[in-house]
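Since the structure comes first, as structure tokens, the remarks are kept for the end.
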Amino acid sequence: MKRRPIARIADALLNARSLLFCCHVNPDGDTLGSAMALARAARLLGKRADVGSSDGVPDIYRFLPERERVLKEPQPGAEYDLVAAVDVDGFERLGAFGPAARQAPLYAVIDHHVSSAEEGMVDLRACDTSAAATAEIVFDVLKALKVPLDVEIATHLMTGILTDTGSFRFSNVRPRTFAIAETLAEAGAHPGPIFKEVYERRPFSTVKLLGLVLARCRQSCRGKVVWAVVSRRDFEEAGAKEEETEGIVNHLTTVATAEAAVLMRETLKGDVRVSLRTAGRLDAQEIARKFGGGGHRMAAGCTLPGPLDRAEAELIACLESLAQALP
Ligand code: 5GP
Ligand code: MN
């Protein structure tokens, strides 16, 4: 991305003494890896730096070197010169850290989503929707800071890129993604072992849940809309936690006819989390935004009020009308 926003963020990081890097709720490898890389870099520069993740660190990301330092809620009395939202734009997606971001003397956003938010509230913005992962932008920020790329930082950034690109296979991958990955691999962060950690050290319950859910997948509009739902009963039957639905939607996108693929899961609170993927003709971000969510053109999410069957009916009806209108 352009040099100026990167240079401005780098300057602000250098001038701050105590920093907080915030992840989005339902955190993924990109928000966690990017925030942890920034916090580690800031610490290497002699600063006090925390990572805030309101929903903690899902088990599949427990191998990340900086996981122990992640806060689930703000520490009482903690004050920061700079708070940065990482891989997220919008206070309401910061969970328990929303207020700290609002009150920060300096508030920055480092992100690759289509911006949805608080124009006037953001002091510094390094946002690039052409970046495959926020980790790519963080890579540039760390370069501007001249922080040496140690194996820990490289591992965090490689995790962000690997998970947000579906292991380098999604259409968001660009030549620069490989150039950055090359440098990260040279620094000791090979993608193979990271893939293994994230995707191939699952508890039995994750595979069991996948089977239960896929067995009941549905289609309409001659296969243009493909979806599945996960109820609280499914979680109980599989003995699985909420975070174990991660990745299930990618199986639905493999259906050749699918223009839209959706996974809906009933949360403990009783509302319905939606993961939406499209083949590119429908804009996932635009659809998710209708329901108060957001994301990218081909991958987005939102939360609907329960009960599950009503949310399912409402969302699928919307997708069917869009899919039917396609030429
Ligand atoms: P996932 O389905 O994997 O949870 O999310 C897909 C993409 O959409 C991610 O980039 C994620 O950050 C974004 N996203 C998911 N849910 C929401 C939401 O409720 N609001 C916004 N603004 N973005 C979301
Ligand atoms: Mn991301």
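Just so you know, ligand 1 is whichever comes first in the structure, and atom 1 is the first atom listed for that ligand.
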Under 4.0 Å from any heavy atom of [X], which atoms of ligand 1 are there?
X	value
H296	10 (O)
G293	18 (C), 19 (O), 20 (N), 21 (C), 22 (N)
G295	8 (O), 13 (C), 23 (N)

H113 near the Mn ion (ligand 2): N/O/S under 2.8 Å:
no
F97/F21 aromatic ring centres below 6.0 Å:
no
Among the N, O or S atoms that [X] has, which is closest to the Mn ion (ligand 2)?
X	value
D164	OD2
D30	OD2
D87	OD1

Take atom CD of E73 as the centre, draw a 6.0 Å sphere, and report whether it contains more than 12 heavy atoms from other residues, nucleotides or ligands.
no
Does CZ in R218 sit with more than 12 non-hydrogen atoms of other residues, nucleotides or ligands closer than 6.0 Å?
no
Salt-bridge present (K241, D59; N to O < 4.0 Å):
yes
salt_bridge(E314, R310) N-O dist < 4.0 Å
no
For the student: nearest non-hydrogen atoms of C302 and F291, plus distance
SG-CB, 3.8 Å
Taking a cutoff of less than 4.0 Å between a non-hydrogen atom of the residue and any ligand atom, is [X] in contact with ligand 1?
X	answer
R277	yes
R273	yes
G90	no

Name the orientation class of the two ring planes belonging to F91 and Y107 (parallel below 30°, tilted from 30 to 60°, perpendicular beyond 60°).
tilted
With a heavy-atom distance limit of 4.0 Å, tell me whether S275 approaches ligand 1 through its side chain, its backbone, both, or neither.
both
Output yes when the distance from some N or O of ligand 1 to some N or O of G294 is under 3.5 Å, and no in every other case.
yes
Any non-hydrogen side-chain atom of I6 less than 4.5 Å from a side-chain atom of I137?
yes
Would you check if H112 and E136 make a side-chain contact, meaning some heavy-atom pair closer than 4.5 Å?
no
Considering only heavy atoms, which of H113, R93, H112, H24 lies nearest to atom 9 (C) of ligand 1?
H113
